[in-house]
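The first residue in the sequence is number 1, and the count goes up from there. What you see is a predicted model, and the numbers here were worked out from it, not measured in a lab.
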Amino acid sequence: MDRRTARLLNGALALCCLVLVLAAVYPVTTAKSHAKQPTDKRFTVPESDDYRTTGAIVADSETALEFEGAVAADGGRYLFVDEGDIRTEQFQASPGAPVYSRIVVEDASSTDRQGEQIQSDTDRELLRVNQTEGAVTFIVKQESENVADEVSGTASVVVRSLYVVEYQRDADPSQEATVYKPKNGWYDGREPYHITGARGQVRTVGDTTDVRSAAVTWDQTESAGTYAELVLVRLTADAPTTYDISVEFESGETTVRRPAWVTEVKTGSEDR
């Protein structure tokens, strides 16, 4: 082998080593999360006077948030929220009517704090406390609140959880919806993170960003901005975390029925 060929081979080997080192320090490309889109380009909850909606955020098969809500054009509102140790139901017969809440607390360490918060709130009246093995139930009446705002606000929490990743927009032949599919990649946030296994889709109303439905899953590794960090985090921590995000929004004629537990505590004059 002549000297010129040897120098070329050595140079090529050095370049390969440099590329490998840089790959361990810097990812090849960085994706742009949906949160970095302009405000008018981000997913949002549709506006409607008559609708039902459900949704959930699940991390490693553990439900962090699950909800069901309904707002009827004739005024009825209902919201159920499950946060694991605390489950809350709210019912309002019409705008301006009293709001009845049933709060079930299964975490014994939170029971006293929950009761103190209710009793210290001058806008809420504690109507009943039921204690069973493993849970305490508070029945509460409140005068100044619009449950419709609570329903859309809770749906927005789930919709905003979709902002973590970037999406590829696909055409829908029916033109009744726009389809967005999540993308794998390296992302910059407060700390860098890596997304793999991204699948599912978000469907919006027509050509808008109003979310009609979403069922999206991805694996997320935190504090991983490079390949070296990715390997280290996965060796030393319980990573990645698998997230399952789902939401449904159905607009149209809706009926909200009074729950049985509300009928048991209200009197005929309380909704006037």
Side-chain angles (χ1 to χ4, degrees), residues 34-35 42-95 97-107 110 114 117-118 124 135-142 145-165 182 200-205 209-218 241-262:
H34 190 72
R42 298 175 194 167
F43 298 140
T44 188
V45 176
E47 294 184 3
S48 177
D49 294 329
D50 211 347
Y51 65 92
R52 286 189 175 275
T53 179
T54 59
I57 302 173
V58 179
D60 282 344
S61 300
E62 294 288 333
T63 300
L65 173 67
E66 185 173 8
F67 83 95
E68 175 185 354
V71 175
D74 64 3
R77 286 100 165 82
Y78 173 81
L79 176 63
F80 170 78
V81 178
D82 185 349
E83 298 175 276
D85 292 333
I86 300 179
R87 299 188 302 276
T88 304
E89 280 186 273
Q90 292 180 287
F91 170 78
Q92 186 175 32
S94 61
V99 177
Y100 293 92
S101 302
R102 180 169 67 170
I103 306 167
V104 180
V105 183
E106 293 185 352
D107 182 2
S110 302
Q114 186 71 44
Q117 288 177 350
I118 294 171
R124 294 197 285 179
V136 176
T137 301
F138 301 92
I139 305 297
V140 180
K141 176 185 173 185
Q142 185 170 349
E145 186 175 325
N146 188 344
V147 176
D149 294 337
E150 297 291 323
V151 174
S152 62
T154 305
S156 293
V157 170
V158 179
V159 169
R160 286 196 296 270
S161 71
L162 298 167
Y163 290 8
V164 172
V165 302
Q201 63 181 24
V202 178
R203 297 177 66 85
T204 62
V205 180
T209 55
D210 294 343
V211 175
R212 175 182 292 176
S213 66
V216 177
T217 299
W218 64 75
T241 300
T242 299
Y243 288 95
D244 294 286
I245 314 296
S246 61
V247 65
E248 294 279 347
F249 190 97
E250 299 179 6
S251 60
E253 186 175 347
T254 301
T255 300
V256 177
R257 297 181 179 179
R258 186 187 307 275
W261 58 268
V262 175

| task | Before giving the answer on side-chain contact (heavy atoms from CB on, under 4.5 Å), spell out for Asp82 and Thr63 the whole-Å C-alpha distance, their side-chain angles and the decisive distance to 0.1 Å. | result | CA-CA 8 Å; Asp82 185 349; Thr63 300; 5.6 Å; no
To the nearest 0.5 Å, atom CD of Glu89 lies from atom CD1 of Ile139 at 8.5 Å
*Under the 3.5 angstrom rule, does the side chain of Asp50 hit a backbone N or O of Thr254 as a donor-acceptor pair?*
yes
Here the pair of heavy atoms bringing Trp261 nearest to Ser101 is CH2-C, 3.6 Å
Margin query: I want to check something: taking the side chain as every heavy atom from C-beta on, are Glu106 and Arg87 in contact at a cut-off of under 4.5 Å?
Written below: yes
Here the gap from Phe249 atom CZ to Thr54 atom OG1, rounded to the nearest 0.5 Å, amounts to 11.0 Å
All heavy atoms of Val151 vs all of Gly69, minimum pair found to be CG1-CA, 4.1 Å
Requested in this report: Examine distances only and state if a side-chain atom of Glu66 and a backbone atom of Ala56 form a donor-acceptor pair shorter than 3.5 Å.
Outcome: no
Check: Distance-only, no hydrogens or angles: does the Asp210 side chain make a donor-acceptor pair with backbone N or O of Thr204 under 3.5 Å?
Finding: no
When rounded to the nearest 0.5 Å, the distance separating CZ of Arg102 from OG1 of Thr137 is 6.5 Å
Next on the checklist: Determine whether a donor-acceptor pair (N or O, by modelled atom type, separation under 3.5 Å) exists between the side chain of Thr53 and the backbone of Glu248.
Outcome noted: yes
Taking every heavy atom of Leu65 against every heavy atom of Val157, the minimum-distance pair comes out as CD2-CG1, 3.9 Å
One should read off an interatomic distance between Asp244 CG and Trp218 CH2, to the nearest 0.5 angstrom, of 9.5 Å
Closest non-hydrogen atoms of Ser152 and Val45, given as atom of the first, atom of the second and distance, are O-CG2, 4.2 Å
Across all chains, not counting sequence neighbours, the ring pair (Phe, Tyr, Trp, His ring centres under 6.0 Å) partners of Tyr78 are none
Correct closest heavy-atom pair for His34 and Arg42 would be NE2-CA, 3.2 Å
Requested in this report: Give a yes or no on this: more than 12 heavy atoms of other residues, nucleotides or ligands lie within 6.0 Å of atom CG of Asp49.
Outcome: no
Here the gap from Ile103 atom CD1 to Thr88 atom OG1, rounded to the nearest 0.5 Å, amounts to 5.0 Å
Review point. Can we say Arg52 and Glu250 salt-bridge, meaning some charged N sits less than 4.0 Å from an Asp/Glu carboxylate O?
Key: no
Taking Arg77 for the side chain and Gly75 for the main chain, is one N or O donor matched with an acceptor at less than 3.5 Å? yes
In terms of heavy-atom contacts, Thr241 and Ala59 come closest through CG2-CB, 4.1 Å
Output for pair (Ile118 CD1, Lys141 NZ), nearest 0.5 Å, gives 15.5 Å
